Number of protein chains: 2
Amino acid sequence: MAGIKDVAALAGVSISTVSYVMSGKRSIGEATKAKVMAAAKKLNYMPNAQARNLRGEPTKVLALSSPIHEYTDYSNYAVFFFALAMRAKRYGYDILLLMHEYGDQELTRIASSGMVDGILLLDVVMCDARADVARTLDLPVVAVGYPSNSDGIYSVDLDFERMGREAIEKAYALGHRHVLIAGTDQSAYEDGSNYLVRFRDAAAKKGDDLGVSVLFKPSTGFGRDDVNLMLDEALSEDPDISLIICQTNAVHITNVLNALHMRGLRVPEDVSVLAACTYGLGSLPRKVDELPMLPNETCSRAVDIMMEVLQGKRNDVGHVELLPSRYQARGTVAAH
Amino acid sequence: MAGIKDVAALAGVSISTVSYVMSGKRSIGEATKAKVMAAAKKLNYMPNAQARNLRGEPTKVLALSSPIHEYTDYSNYAVFFFALAMRAKRYGYDILLLMHEYGDQELTRIASSGMVDGILLLDVVMCDARADVARTLDLPVVAVGYPSNSDGIYSVDLDFERMGREAIEKAYALGHRHVLIAGTDQSAYEDGSNYLVRFRDAAAKKGDDLGVSVLFKPSTGFGRDDVNLMLDEALSEDPDISLIICQTNAVHITNVLNALHMRGLRVPEDVSVLAACTYGLGSLPRKVDELPMLPNETCSRAVDIMMEVLQGKRNDVGHVELLPSRYQARGTVAAH
DNA sequence: CTGAAAGCGCTTACAG
DNA sequence: CTGAAAGCGCTTACAG
């Protein structure tokens, strides 16, 4: 691995000259510059990043803390990963992956290692230990997700409470008075998975306000039998359900549609179906009205904010940015 | 951010003493050690990784090169990501993500930056430019996948050629003489996606040897209509097809099963269905016989080999390790 | 049992 | 237009 000394020796100049040629921070005689360039190219020289970092230059690496849980859905995760990484790349930043279950220790370790310029947080829970640790670090932290302890970090998220309210308002406007929220795994709600809880609770609250009955059923699984059991329970508790909001995934929703079909219920004539907080259902063969996650939007924004902070353009730690979702109509929600 | 000087000052000792206490590479008086530990804890001190690296210590970071293509399936990717990252974590290594479309320039940059101890390659194509670059680096490179230019790196992969042969051998043994391979997107084959090509070509070759007709149909999409069109074409070209090998994904396979059902064809009585080179179909409601990818096995092995190389335990660059797949019988393949 | 000093590969004031 | 030297935060021979 060629170092700056090797290049200097080969070009017959001092190492500072090599450094200045590489950085372009000083005007250099054409002849010298050419010699240095030739030597650098010949030796395949690139400055050692560690040495630059020691001098206080940015590492051009962002840490991405994304703890893995039992119920972690790899495919949804990947979308966020990629979105963040792609955006970071546009700014010349690489991503260092941290996926410990307990992300907070990890954070301290990486922050003091000096290997990254900032930290991105994924899979944020309502009360996130990492947000508290962030306060003690002298590195900027931007969360995709909105913890309750959000001072000390920057947060970007969809406005899930608004999404929950809008879903029920829309239902109300269309004449629905009995709504079922078919949720995902119970444990995800108990662990405080941010968006699930916010959406559900805001929907329930709005239901109370408007006089819309909102029944919540977490799922025990996504298979046909699980779905049938869930529907049996729900319909026996409230036979008047006319709108089902699925806060789940493609497989589950497919099975819900199948189950309704089997019961002779037409969509949307008899029952309306809406997917909320879901990913990329648009590419599936079976279309459903959707209040989708917008991972690209949130992740892009998170990286943009990180860049603004790193460039010293903002100084409002604790700022929370909530983006609106976009309703995708696909013909499965109708008036009742 | 507290440095070694701060700790030394607070503890009233020299920085070398602090260093030795932290590393444990020298015996230190109990009193001094206690003072240093207390100071370090109080200041939340952790050694700066950049500085250590400059001194030649390992960075404990592995680069993961995983170029993104148009047809990249995020969810499958994620499985490999996670498997590699989890295994690396067991050895105390973090992962630095590189996802440029042209991974080779990226590789040179990272290698000379000194930020990583080694490089892992994902999404390897038949003739992979990155493998050639690897030769010029003085960092170990381990590929998950088996390029044709595999000297200069270490490679780990499933034995897809063997998998292809075994699929046809099994078909032959069960009396099938007309087999359809329903493939994924044509472009994936054209780009030389390693495993797809190896499996298909080995299957075709074995078909020739045994007198089994092997028809290959790439897919134009995974939806119901795409599948029906593909089946129409295939069955008109060879009406005697009795086994369909799907080299695709869950959505596609589901639609193949549906399409067969619609045509009044029973599985496996009339047509057998086998999934090959697929991911985690076991968790889907609809079970299918499968020759699955084993991402955990391959990725674990890749990281293990990387560690062996880093520890100087092996010196056989160019080594290729091919792991056998495991046939998962689930009742959709029968005698004909 | 502990410390002063060299050096890892760079960048950047300070000189000329 | 170019160079000699200090220093980033560590580790480790070299001394005592």
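Letters A, B, ... are given to chains in the order of the sequence lines, protein chains preceding strands, and every chain is numbered from 1. All values reported here derive from a predicted model rather than from experimental measurement.
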Review point. What residue among B:Arg314, B:Glu308, B:Met306, B:Glu321 forms side-chain contact (heavy atoms from CB on, under 4.5 Å) with B:Tyr154?
Key: B:Arg314
Exercise for review: Could you tell me whether A:Thr17 contacts a base, only the sugar-phosphate backbone, or nothing, with contacts defined as non-hydrogen atoms closer than 4.0 Å?
Suggested key: sugar-phosphate
Practice item. For A:Gly56, answer base if it contacts any base atom (sugar-phosphate contacts may also be present), sugar-phosphate if it contacts only those atoms, and nothing otherwise; contact means non-hydrogen atoms under 4.0 Å. Key: nothing
Review point. Is B:Asp151 paired with B:Arg135 through a side-chain N to carboxylate O contact shorter than 4.0 Å?
Key: yes
Study note, to complete from the structure: One should report the stems of DNA chain D, each a stretch of at least three consecutive Watson-Crick or G-U pairs at distances under 3.5 Å, as C:1-3 with D:14-16, C:5-12 with D:5-12, C:14-16 with D:1-3
Check your understanding: How would you give the extent of chain A contacts on DNA chain D, as first and last nucleotide 5' to 3' within a 4.0 Å heavy-atom cut-off?
Key -> D:dC1 to D:dG9
Exercise for review: Please assess A:Leu137 against A:Ile119 for the test side-chain contact (heavy atoms from CB on, under 4.5 Å), listing each intermediate value before the final yes or no.
Suggested key: CA-CA 10 Å; A:Leu137 274 27; A:Ile119 300 177; 3.9 Å; yes
Point to revise | Stepwise side-chain contact (heavy atoms from CB on, under 4.5 Å) check, B:Val141 with B:Leu121 | key: CA-CA 7 Å; B:Val141 176; B:Leu121 262 36; 3.7 Å; yes
Point to revise | Carboxylate-amine/guanidinium proximity below 4.0 Å for A:Glu106 and B:Lys89 | key: yes
Check your understanding: Does a donor on one side chain sit under 3.5 Å from an acceptor on the other, for A:Thr59 and A:Asn53?
Key -> no
Practice item. Test side-chain contact (heavy atoms from CB on, under 4.5 Å) on B:Asp94 and A:Leu97 and set out the steps. Key: CA-CA 7 Å; B:Asp94 288 313; A:Leu97 226 54; over 6 Å; no
Review point. Applying the salt bridge (Lys or Arg N to Asp or Glu O under 4.0 Å) test to B:Asp304, which of B:Arg90, B:Arg87, B:Lys313 qualifies?
Key: B:Arg87
Check your understanding: Can A:Asn48 and A:Arg52 be counted as having a side-chain donor-acceptor contact under 3.5 angstrom?
Key -> no
Review point. Relative to the ring of A:Phe80, is the ring of A:Tyr279 parallel (under 30°), tilted (30 to 60°) or perpendicular (over 60°)?
Key: perpendicular
Practice item. For DNA chain C, find the residues of residues 43-54 of chain B with a heavy-atom distance under 4.0 Å and give them by number; none if there aren't any. Key: B:Leu54
Tabulate below the donor-acceptor pairs under 3.5 Å that side-chain atoms of residues 22-29 of chain B make, not counting sequence neighbours, or state none.
| unit_1 | atom_1 | unit_2 | atom_2 | d |
| --- | --- | --- | --- | --- |
| B:Ser23 | OG | B:Ser19 | O | 3.2 |
| B:Ser23 | OG | B:Lys25 | N | 3.3 |

Check your understanding: Does the A:Asp159 side chain pair with the main chain of A:Leu322, one donor and one acceptor, at a distance under 3.5 Å?
Key -> no
Check your understanding: Where along residues 24-42 of chain B does a heavy atom come under 4.0 Å from DNA chain D, residue by residue in number order?
Key -> B:Lys25, B:Arg26
Under 3.5 Å donor-acceptor pairs involving side-chain atoms of residues 4-12 of chain A, not counting sequence neighbours:
| unit_1 | atom_1 | unit_2 | atom_2 | d |
| --- | --- | --- | --- | --- |
| A:Asp6 | OD2 | A:Gly3 | N | 2.6 |

